[in-house]
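Single-structure report; data block below.
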There are 2 protein chains.
Amino acid sequence: MGRPTLADVAAAAGVSPSTASLAFSGAGPVAAATRERVMAAAAQLGYTGPNPIARSLRRGQSGVVGVITGRHLSRSFRDPVSVQTLDGIADALGARDLGMLLIPFDDAAPGVPQLVAHAAMDAAIMIATPAPGDRALRTLLARDVPTVTLDSRHRGTASVRIADRAGMRDLASEVVALGHTRIAVLTLPFAPGRGTGELDPDHLPRPTYTPTRNRLAGVRDAGIRPVAVVEAGASLVEEGFEAARRLLARDPRPTAIIAFSDLLAAGVVLAARELGLDVPGDLTVTGFDGVDLPWLAPDVLASAMQPFVHKGTLAAEAAAALIAGEDVRTPDLTVVPRPGTTTGPPPH
Amino acid sequence: MGRPTLADVAAAAGVSPSTASLAFSGAGPVAAATRERVMAAAAQLGYTGPNPIARSLRRGQSGVVGVITGRHLSRSFRDPVSVQTLDGIADALGARDLGMLLIPFDDAAPGVPQLVAHAAMDAAIMIATPAPGDRALRTLLARDVPTVTLDSRHRGTASVRIADRAGMRDLASEVVALGHTRIAVLTLPFAPGRGTGELDPDHLPRPTYTPTRNRLAGVRDAGIRPVAVVEAGASLVEEGFEAARRLLARDPRPTAIIAFSDLLAAGVVLAARELGLDVPGDLTVTGFDGVDLPWLAPDVLASAMQPFVHKGTLAAEAAAALIAGEDVRTPDLTVVPRPGTTTGPPPH
DNA sequence: TTGTACGCGTTATCAC
DNA sequence: GTGATAACGCGTACAA
């Protein structure tokens, strides 16, 4: 015989299955003596508790929240942004005894992973901001899995958003206030699957990717008309490095580069160092996100700090609320300026 | 009416439930025309595939592997060692369409999380090497969840292990060959829940924590009789820093410090820098693990590189094999020396 | 090639 | 406080 079932325990204890169930779940009135007998029988048979799958079937809930990360977890794990978000999610889910099922997915790759389409989950959180039509998101919605997205609003999902437009406006305004006029912008991707490339500052397409759109709007809100715009293919130090080489080769050289993420900005700083440029003496650099990059010492990026952990926590709480059938409305989070050491007046 | 079931689809298509099931799973002969009708009915009703929970119950498998990490994922995510291991696990599980359920657990905290005790999983992988009697491991074994551990052997589990004793012996031998005689050792914890502290080199307890035991044995294999031993409370840069301050305050000062992890060794290098000591001119430092610490530049730690990603892959494959009911025997992995820049002859 | 019948292990509901 | 019954949604012998 295989694993004992609750029915076996009940039989051994001389009670009905329903009573045994109550004894275990504690969800009903059971005489202390009866409970004792049930527990004793369970111990005797080596029964370690209700089969979680059967319980899930009966209750119609799996107790699991799917967390959709970028393909290759290595990237998510190495990216300080995802790490903090995941951390917040893990904390909040754990506090509710909800499981966290990690599902790597990349919309650029063909096919939809089995797990997105078929894994048991009561709700899902998409770590990466999905573009409109994102296949994972579509699949989840088709399955009626309540979904939480970050940074962007989609039909049928709850979303946790951040006031990044205002944050970028404030940050960019400081650059303007310092006297810069030849300002270049290094953006995040405008849409999934686009490579790195230079754009015409006067004819920028509308980014479908929300964070890019908001931050671009923030730059404009600050009254900046960039002398050059480079779109990075991803938020990576290497991308920032390459883009900065292009921007810094221009004549006249920009006196400030506004990057849409700290990782990109870090790449800019490294490129400037390699060219023998002083930051901020020769070049002002700003980032976004407010992550900790000790290896960039002695420089500390001027940035806008996002509350990533809190973002994760709110996302998980939103997921829990969706599971409970509640309506979810999450307030926009705000970003906090971080002065850093990478801004200064333009060289004359 | 709620979500449509396979029975609904079958009814709509005018076939029996079993036929509809076969049409979806593809596990039996179904006429093309019949399949068409079933799929059409499914599309019509918005049926997105078999309910994963019911399917799990029926098959007796959940398709999920639990991954037990240290409490607070932030720590695991920030620790380059865990990150690489998780990465390897994620890759190998994903390739098999197995879900990865992340379960934070700390044996030092009271209680066993619900998830360890009650989550549905076909197998588990413990990222952190469990000490004998580890409560999560005991719980998993009581549940008959096939479990894979790293670096240590336990009854009833498969294990992926590394030849760290030999690796440490080789590394330590090089320090000896350079002529050092006043060698201090900075170890990992001997057992869970112990704090930082200095130990008597002549009366060391036997570490219950396997990696510590093996690396200590490796140091002895190299013929070293340490002048001082400090046990770190955890593999953290800060711990290494504090321990190094103690060790470097000794008179006569050790000329070499052998640390049991790169993070600890990095802390040692930082402490040496703060004291104005030259590495390796005044102090030789070695680490273990072979992780990439760009922020320590220009120093690169002499170390022994563990194949963490591969370790994770093997662990996941072992888990899959256990699920399939196969016997698992994983070969010991070897470590590769990394020369680094932190070793040299002792000052005269 | 298709249909029937049953069981996976649990829990909600209701009667006693 | 306890027990009988049904149902959660599916897969699979087995019979047709």
Worksheet entry | Nucleotide interval of DNA chain C bounded by contacts with chain A (heavy-atom cut-off, under 4.0 Å) |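 That gives a stretch of dG9(C) to dA12(C).
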Discussion item. Return a single string for nucleotides 8-16 of chain D, one symbol per nucleotide in 5' to 3' order, where B is base contact, S is sugar-phosphate-only contact and - is none, cutoff 4.0 angstrom on heavy atoms.
Written reply: BBBBB----
Whether the [X] and [Y] side chains hold a donor-acceptor pair (N or O, under 3.5 Å, no angle test) is what I'd like checked.
X	Y	answer
Thr157(A)	Ser159(A)	no
Thr210(B)	Asp151(B)	no
Thr19(A)	Ser16(A)	yes

Heavy-atom closest pair, residues [X] and [Y]:
X	Y	result
Val112(A)	Phe105(A)	CA-CE1, 4.5 Å
Ala92(B)	Ala316(B)	CB-CB, 3.4 Å
Leu86(A)	Met100(A)	CD2-CE, 3.7 Å
Val145(B)	Ala124(B)	CG1-N, 3.8 Å

Worksheet item: So how far off straight is the helix from dT1(C)-dA16(D) to dC16(C)-dG1(D), going by the axes through five pairs at either end, to 10°?
Response: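 The helix from dT1(C)-dA16(D) to dC16(C)-dG1(D) shows an end-to-end axis angle of 30°.
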Practice prompt. Just jot down the salt bridge (Lys or Arg N to Asp or Glu O under 4.0 Å) partners of Asp144(B), sequence neighbours excluded, or say none.
Written response: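 For Asp144(B), the residues satisfying salt bridge (Lys or Arg N to Asp or Glu O under 4.0 Å) (neighbours in sequence not counted) are Arg3(A).
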Practice prompt. Please list, chain by chain and in numerical order, all residues satisfying salt bridge (Lys or Arg N to Asp or Glu O under 4.0 Å) with Asp134(B), sequence neighbours excluded.
Written response: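 Applying salt bridge (Lys or Arg N to Asp or Glu O under 4.0 Å) to Asp134(B) gives none.
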Worksheet item: Which part of the nucleic acid, if any, lies within reach of Ser56(B) when heavy atoms closer than 4.0 Å are counted: base, sugar-phosphate only, or nothing?
Response: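 Here Ser56(B) touches no strand at all.
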Would you tabulate the side-chain donor-acceptor contacts of residues 30-47 of chain A under 3.5 Å, counting partners in other chains and residues two or more places apart, or write 'none'?
unit_1: Arg35(A); atom_1: NH2; unit_2: Ala23(A); atom_2: O; d: 3.3
unit_1: Arg37(A); atom_1: NH1; unit_2: Ala13(A); atom_2: O; d: 2.8
unit_1: Tyr47(A); atom_1: OH; unit_2: Gly49(A); atom_2: O; d: 3.3

